[in-house]
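Have a look at the structure below, then the notes.
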Number of protein chains: 4
Amino acid sequence: MLIVMNSKATKSNIDNILDFLTKKNLKADISDDENKVVIRVKGKNSLDTREIELFAGVSDVIKISSRFLQSTRTYKPEDTIIDVKGVKFGGDNVGLIAGPCAVESYEQLDNIACALSQVGIKVLRGGTFKPRTSPYAFQGLGEEGLKILREVGDKYGMAVISEMTDASQIELFEEYVDIIQVGARNMHNYHLLKVLSKSRKPIVLKRGLASTVDELLMSAEYLLLGGNNQVILCERGIRTFEKATRNTLDLGCIPVIKNLSHLPIIVDPSHSTGLRMAVVPMGRAAIMAGCDGLIIEVHNSPETALCDGAQSLYIEQYKQLYEDIKQIAPVIGKKIN
Amino acid sequence: MLIVMNSKATKSNIDNILDFLTKKNLKADISDDENKVVIRVKGKNSLDTREIELFAGVSDVIKISSRFLQSTRTYKPEDTIIDVKGVKFGGDNVGLIAGPCAVESYEQLDNIACALSQVGIKVLRGGTFKPRTSPYAFQGLGEEGLKILREVGDKYGMAVISEMTDASQIELFEEYVDIIQVGARNMHNYHLLKVLSKSRKPIVLKRGLASTVDELLMSAEYLLLGGNNQVILCERGIRTFEKATRNTLDLGCIPVIKNLSHLPIIVDPSHSTGLRMAVVPMGRAAIMAGCDGLIIEVHNSPETALCDGAQSLYIEQYKQLYEDIKQIAPVIGKKIN
Amino acid sequence: MLIVMNSKATKSNIDNILDFLTKKNLKADISDDENKVVIRVKGKNSLDTREIELFAGVSDVIKISSRFLQSTRTYKPEDTIIDVKGVKFGGDNVGLIAGPCAVESYEQLDNIACALSQVGIKVLRGGTFKPRTSPYAFQGLGEEGLKILREVGDKYGMAVISEMTDASQIELFEEYVDIIQVGARNMHNYHLLKVLSKSRKPIVLKRGLASTVDELLMSAEYLLLGGNNQVILCERGIRTFEKATRNTLDLGCIPVIKNLSHLPIIVDPSHSTGLRMAVVPMGRAAIMAGCDGLIIEVHNSPETALCDGAQSLYIEQYKQLYEDIKQIAPVIGKKIN
Amino acid sequence: MLIVMNSKATKSNIDNILDFLTKKNLKADISDDENKVVIRVKGKNSLDTREIELFAGVSDVIKISSRFLQSTRTYKPEDTIIDVKGVKFGGDNVGLIAGPCAVESYEQLDNIACALSQVGIKVLRGGTFKPRTSPYAFQGLGEEGLKILREVGDKYGMAVISEMTDASQIELFEEYVDIIQVGARNMHNYHLLKVLSKSRKPIVLKRGLASTVDELLMSAEYLLLGGNNQVILCERGIRTFEKATRNTLDLGCIPVIKNLSHLPIIVDPSHSTGLRMAVVPMGRAAIMAGCDGLIIEVHNSPETALCDGAQSLYIEQYKQLYEDIKQIAPVIGKKIN
């Protein structure tokens with residue numbers, strides 16, 4: 001940490017800070033920069049920059065972050081590739097996940113999975129415990145939904161993924177799914193993350209609506225630190241002043257994250273835009289931005305869906321997107337697998 | 001719901017929508033407005049406006065919200081007043097909560113509580129299970145912290161409040177605290193809200209960083225619907241582009257919420273600004289905006305605090321704020337109680 | 001306009017509103033919906049919904065927007081295609097604009113234009129009057145810069161574009177450039193827009209940092225209404241809480257705008273991300289999202305650039321992007337022209 | 001500037017940076033911190049941190065800002081007090097400005113000014129050149145409005161303020177008004193700021209919708225640097241995701257700005273909230289947050305106002321606010337003057 005004094009700082013201002021550091025058992029040395037005194041605190045410490053800013057005579061406090069975090073490329077330079085029953089996320093692979101927002105019934109899921117399977121999709125999504133803003137909205141089928149998901153997945157040889165909304169559901173999810181999703185609303189649910197860090201299931205960790213890239217990586221750190229290194233990040237839109245789309249899909253975070261971290265990152269163009277007409281263009285755009293896969297809502301009958309029908313693709317639209325990706329991904333050295 | 005067709009909509013466009021509504025068992029009638037056809041869907045329904053917007057010929061879809069929600073003044077016009085061991089929140093009362101960010105030790109809390117008690121404070125706060133962005137940061141004393149909080153509270157005749165971070169902690173919180181806090185990161189944790197709706201403890205429900213006023217009230221609805229009507233809302237800053245303060249304290253939400261809802265709302269100027277120098281001015285400002293109380297971090301020795309020392313008030317500063325509020329609150333017909 | 005009364009509204013509440021409307025010379029009729037009274041105001045009017053919301057007994061006020069705006073597809077269904085010396089923006093064309101952030105000298109611009117021209121670029125950008133946050137930063141070469149831009153453009157047969165920052169510069173810009181750019185900071189400068197609406201030069205209208213899609217279209221309306229229908233919209237990032245990129249590039253606005261408006265929209269991945277490593281991926285992504293062109297900063301020597309060197313592409317990088325676009329654009333039926 | 005290398009940086013990585021600095025005629029020395037090499041660039045420079053971040057082996061680049069800016073308390077520690085015909089802004093003074101959104105007619109303004117004058121208000125506001133999002137909305141009376149404003153101001157012995165929207169209006173404003181307002185949309189209009197920096201009229205500089213505190217101060221710097229040191233800052237709400245109020249009034253910026261800068265800052269609770277019911281509470285709150293004055297819209301007949309009637313106070317409401325401020329301001333050592 002560097003403490004830059006302003007040009008009018010007195011010797012006693014400086015001594016106060018040195019005393020404070022001594023009380024905290026921290027060593028420091030002093031130098032000049034542009035005629036200003038700079039105090040350099042040695043070694044690692046957990047000082048809050050704001051504590052120091054409050055001292056008289058201080059102009060700026062600068063933290064040299066250590067960044068010895070497991071999610072960074074400093075820690076592990078090469079791409080992490082996560083293999084879920086043969087579908088790979090990371091490296092030069094594009095992994096595709098699709099399915100309805102919510103599991104509604106065996107028939108519904110069977111119809112959708114059958115169609116997706118013919119397109120070539122090998123990972124099936126389906127919500128079972130639904131976090132809903134309104135207590136009056138459909139809350140999901142719960143364990144019954146997980147059973148249907150597993151059964152249909154097995155019928156078509158697909159891996160399955162569903163969102164876990166509370167730590168108490170861990171045994172159910174260990175039993176029924178292949179990938180556990182942490183929803184945007186739970187990215188900061190550290191109790192849940194700690195429980196999942198002990199699981200050996202791959203995790204799709206969705207970015208919170210108001211979470212920065214750094215915070216997303218810090219939540220991933222909870223999983224990695226606990227021993228679960230199969231973390232797939234997911235960009236799904238952030239909340240901004242613009243309401244023309246439900247959220248603002250931040251594709252610019254993809255090159256940033258690929259540069260900072262070895263973890264794969266996928267994109268959810270369905271929840272982020274909330275508009276069916278935007279899903280295909282944003283799905284293609286996400287692939288060209290360099291992401292490692294997509295998770296998309298598809299429904300056999302969006303008009304009668306119990307949840308998010310308006311943003312669900314028709315099977316035909318999804319098929320077109322799949323064909324487009326097959327053509328464009330190789331331009332940047334990637335391929336659907 | 002009203003479906004406004006554009007000026008070029010054909011008869012077949014309109015018929016498609018009527019067919020769709022019929023399939024959903026919904027009745028509708030048709031009228032004209034400014035030369036445009038308007039379809040009015042009768043009765044309550046759970047249609048998503050976006051489903052209808054996708055039909056050809058549709059210009060606008062307008063929902064007439066029923067708003068029969070328990071948190072609204074339509075449902076209950078008069079102010080809800082919540083009494084916690086004699087301290088009242090709501091109506092013409094200003095309820096004050098203070099204490100350290102985290103319970104660090106018996107001695108620390110005893111010191112702070114002793115001083116606050118002399119100022120006149122009757123509700124003591126103290127974090128025990130701390131949700132931290134980084135897994136490497138201090139995570140709180142857990143149950144040991146709750147015991148200390150209870151013991152110190154009892155010594156000085158103060159009610160106590162602490163944040164519950166997971167549904168599994170419910171029994172501990174039922175035993176040790178008088179008010180249960182739901183943190184900003186958990187405002188959307190519906191599993192937690194459902195469990196708390198069955199408790200008979202008052203709840204302080206903090207607004208999420210990226211949550212609208214409507215969503216805050218909807219989360220309160222989870223508590224009210226489950227049977228817990230002792231809900232105290234709390235504004236604690238929203239995330240915006242401005243980084244001069246940690247978050248942007250949205251005091252403008254207070255007159256809006258007081259107009260919409262009968263529930264009391266308090267303000268946390270400590271977490272929202274993250275700056276000690278801003279806490280007193282924003283505390284006074286919040287009272288003048290019409291809120292029903294404050295929750296503030298106070299520490300006997302902010303320099304050595306394990307958590308958020310830089311935003312904690314010194315006892316002397318808090319005392320000054322208390323005196324200021326005693327003078328200004330009566331101007332708008334309120335008083336500390 | 002529809003005024004929905006709440007379920008407790010009295011006859012006198014309703015009469016007050018009818019009186020108010022009568023005073024404004026507005027006619028209205030009354031109906032019921034879900035047991036609630038709905039007052040429908042007939043014909044066009046300029047009432048502010050908030051005026052009505054303040055009346056006792058009112059639950060909701062709903063505006064049926066007429067949307068007879070010249071920028072909409074309701075007004076003109078087919079794509080507007082703008083031709084600048086043979087380069088087309090709109091329809092199935094991808095128009096490419098490139099060049100340095102600022103014109104620094106004849107030699108600098110000549111070097112860059114020569115290289116870009118060999119890649120195939122036919123529209124050269126270069127800032128001459130630079131709007132800078134700090135008064136201490138480089139402010140541009142002014143008229144001297146415009147002369148250099150024109151001269152170099154002519155040498156390589158390229159059309160040229162530069163940003164006009166004040167209405168008083170109109171004659172200079174009419175003389176020297178082929179396209180006039182309105183910067184993000186001036187999207188709401190209505191005086192400037194009115195002056196430009198009388199010009200017959202094509203305008204690139206950049207979206208403001210905090211402007212919605214609707215406001216962008218409304219600013220375009222100032223140009224269209226004044227008689228200039230050669231408007232190219234430009235998405236260049238919005239300001240959000242996320243600071244990992246300079247702004248958040250909102251590619252989701254592209255399908256939304258293409259759906260609402262017939263005007264072409266291009267994307268600026270340089271200013272929006274502020275990071276060289278993000279420009280190529282976001283340029284490709286923008287094309288796949290369906291935009292009609294790109295405006296990108298390229299510099300022959302980014303290390304010595306007087307302005308925004310860190311986000312400028314090297315010629316080799318730009319060439320690669322150009323090749324990528326040639327391959328991916330045809331997948332969605334587009335081509336560089 | 002400090003360049004922190006990562007732990008794997010090689011000697012050649014470091015040499016590349018030193019070479020680059022040498023080419024830019026910059027000197028540097030090298031030290032270690034937490035086992036990492038730190039390069040310190042000596043003296044002032046205009047390097048963009050992003051240029052350096054792109055070099056291999058670089059972990060962090062840290063700028064030590066000099067902050068020799070005229071708006072700061074480092075430059076001038078004591079409060080600037082601006083006196084407009086006897087009304088003071090800054091120090092322990094609360095300056096009050098009120099009047100209609102727009103000058104509509106002599107009668108309208110005369111009515112309002114008469115009433116305000118009786119309350120004790122000495123500065124009259126009134127829009128004459130109105131920047132409107134829609135080209136179809138009322139655009140103001142222009143010079144005719146300025147004449148009315150001057151005439152009515154003189155009749156009641158009030159100073160007058162109006163918003164100038166383009167540099168070409170400078171002579172009109174020099175002739176007719178006592179304070180020139182720069183609107184939120186023009187905070188970044190540097191051409192306008194430069195022209196105003198040559199004026200000797202006090203300026204009310206409104207914060208842009210998406211502008212940070214730092215940017216607001218930097219725009220003030222344009223005025224100060226040009227020689228106009230009578231700058232009154234104005235907080236009027238920022239754009240966020242929350243739509244319950246028109247904008248989010250950021251009162252937390254007041255203690256921050258009072259700490260950084262010697263310039264007075266006033267608050268506009270009318271435009272920021274857009275809701276009449278919120279104006280009085282937020283006006284009181286702003287005073288308690290420590291601001292130096294208020295600018296508020298008042299209308300004799302809000303129902304018939306041509307502009308922003310829904311947020312304009314009735315005279316009676318304003319009178320109540322005035323009485324409230326008289327009581328609460330002394331608590332923090334301030335008084336209406």
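To find a chain, count down the sequence lines: A is the first, B the second, and so on, and within it residues start at 1.
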Just verifying a value: how many Å separate [X] [atom1] and [Y] [atom2], rounded to the nearest 0.5 Å?
X: D:Leu249; Y: B:Leu249; atom1: CG; atom2: CG; value: 10.0 Å
X: D:Leu275; Y: B:Asn259; atom1: CG; atom2: CG; value: 8.5 Å
X: D:Arg284; Y: B:Ile332; atom1: CZ; atom2: CD1; value: 5.0 Å
X: B:Asp250; Y: D:Thr245; atom1: CG; atom2: OG1; value: 5.5 Å
X: B:Phe241; Y: D:Thr212; atom1: CZ; atom2: OG1; value: 7.0 Å

Go through [options] and name the one with the most non-hydrogen pairs under 4.5 angstrom from chain B.
options: D:Gly283, D:Gly237, D:Pro255; value: D:Pro255
options: D:Leu251, D:Thr273, D:Ile254; value: D:Leu251
options: D:Ile287, D:Ile328, D:Ile257; value: D:Ile328
options: D:Pro281, D:Cys253, D:Gly252, D:Ala278; value: D:Pro281
options: D:Pro269, D:Ser272, D:Ala244, D:Ala210; value: D:Ala210

Next item on the list: Tell me, please, which residues at least two apart from B:Tyr222 pass ring-ring contact (aromatic ring centres under 6.0 Å, His included).
Entry: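 ring-ring contact (aromatic ring centres under 6.0 Å, His included) check on B:Tyr222 returns B:Tyr190.
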Next item on the list: Find out whether B:Arg239 and D:Thr240 are in side-chain contact, i.e. whether some heavy atom of one side chain is under 4.5 Å from a heavy atom of the other.
Entry: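 In short, these two side chains do not touch, never coming nearer than 4.5 Å.
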Notebook entry, point to check: Does the side chain of B:Arg207 come within less than 4.5 Å of D:Glu242's, by heavy atoms?
Noted result: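 Side-chain contact under 4.5 Å: yes.
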Notebook entry, point to check: So which part of B:Asn247 gets closer than 4.5 Å to some heavy atom of chain D, the side chain, the backbone, both or neither?
Noted result: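 Nothing of B:Asn247, per the 4.5 Å heavy-atom cut-off to chain D.
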Note to self: Report which part of B:Met277 has an atom under 4.5 Å of a heavy atom belonging to chain D: side chain, backbone, both, or neither.
What the structure shows: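 For B:Met277, backbone and side chain are both near chain D.
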Next item on the list: Give a yes or no on whether D:Lys243 atom NZ has more than 12 heavy-atom contacts from other residues, nucleotides or ligands under 6.0 Å away.
Entry: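 Yes.
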Next item on the list: Please say whether more than 12 non-hydrogen atoms of neighbouring residues, nucleotides or ligands are located less than 6.0 Å from NZ in B:Lys319.
Entry: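 Result for NZ/B:Lys319: open.
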Check: Using non-hydrogen atoms and a limit below 4.5 Å, what part of residues 288-296 of chain B faces chain D?
Finding: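 Residues in range: B:Met288, B:Ala289.
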